[in-house]
Amino acid sequence: AQSVSQHNHHVILSEAASLELGCNYSYGGTVNLFWYVQYPGQHLQLLLKYFSGDPLVKGIKGFEAEFIKSKFSFNLRKPSVQWSDTAEYFCAVNGGSQGNLIFGKGTKLSVKP
Amino acid sequence: KAGVTQTPRYLIKTRGQQVTLSCSPISGHRSVSWYQQTPGQGLQFLFEYFSETQRNKGNFPGRFSGRQFSNSRSEMNVSTLELGDSALYLCASKLTSLQETQYFGPGTRLLVL
């Protein structure tokens, strides 16, 4: 069965610090990978996605993620976080014939001004 | 284009009652999926509907059911509510049943007393 692990439950950073959130998945076949963000009181929004091609994908608001197939990883990065990045971040995968998403438990990011 | 809409946004029920939640997908989207979000279990897939047919189902008891109408709107029903059913129920839509980007609605927050 597919599963997704997000290593950090809660990350606290100061503004301008760099961010890397870990995501590992377990699935042996071709996968599509996603990062979603949930700002306080708002609905889940797509940050970025990887289907195929360049393993370094760029998303909205300066976020990027790198797909490393050999490590089954899809880590999210941002060089300099802002207070407005405070939110919960979810990594998700679907693969095989499944159209549904399997989500990680999420990482809460708190950015101190 | 309007996003995914869900009604009602908030609901309070008592144990043993039943509840029906509604989801209207983005115009033109024919696939609707439902997810349950709780602090302990995170985001878990309930079921997916496409062209009025259930395509895929998660690991939830039979008390959880759904349906989709010819206009792609979907409803989810939970019968004999339990305290543990308190959660945020999210609906997501996409164009087809394939592995595409899903767009989420704001959710219905259900509290079971």
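In what follows, chains are A, B, ... by sequence order, proteins preceding strands, each numbered from 1.
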Close side-chain approach of B:Gln37 and A:Gln38, heavy atoms under 4.5 Å: yes
Sub-4.5 Å side-chain heavy-atom contact between B:Phe45 and A:Ile102: no
In one Ile/Leu/Val/Met/Phe/Trp/Tyr side-chain cluster, 4.5 Å: A:Leu109, A:Phe63: yes
Segment of A:Leu101 engaging chain B (4.5 angstrom heavy-atom cut-off): both
Within 6.0 Å of CG in A:Asp54, more than 12 heavy atoms from elsewhere: yes
Contact class of B:Gln102 relative to chain A, heavy atoms under 4.5 angstrom: both
Contacting region of A:Asn32 [heavy-atom separation from chain B under 4.5 Å]: side chain
More than 12 heavy atoms of other groups within 6.0 Å of B:Arg73 CZ: yes
Neighbour count above 12 (heavy atom, 6.0 Å) for A:Lys112 NZ: no
Hydrophobic cluster membership, B:Leu88 vs B:Leu113, 4.5 Å side-chain cutoff: no
Whether over 12 other heavy atoms sit under 6.0 Å from A:His10 NE2: yes
Segment of B:Thr101 engaging chain A (4.5 angstrom heavy-atom cut-off): both
side-chain contact (heavy atoms from CB on, under 4.5 Å) assessment of A:His43 paired with B:Gln6: CA-CA 11 Å; A:His43 60 279; B:Gln6 292 186 244; over 6 Å; no
Same apolar cluster (I L V M F W Y, side chains within < 4.5 Å links), A:Leu21/A:Val37: yes
Atom group of A:Leu44 that falls short of 4.5 Å from chain B, counting heavy atoms: both
B:Tyr35 and A:Phe103 aromatic centres sub-6.0 Å: yes
Inter-residue atom distance A:Phe90.CZ - B:Phe104.CZ, 0.5 Å rounding: 10.0 Å
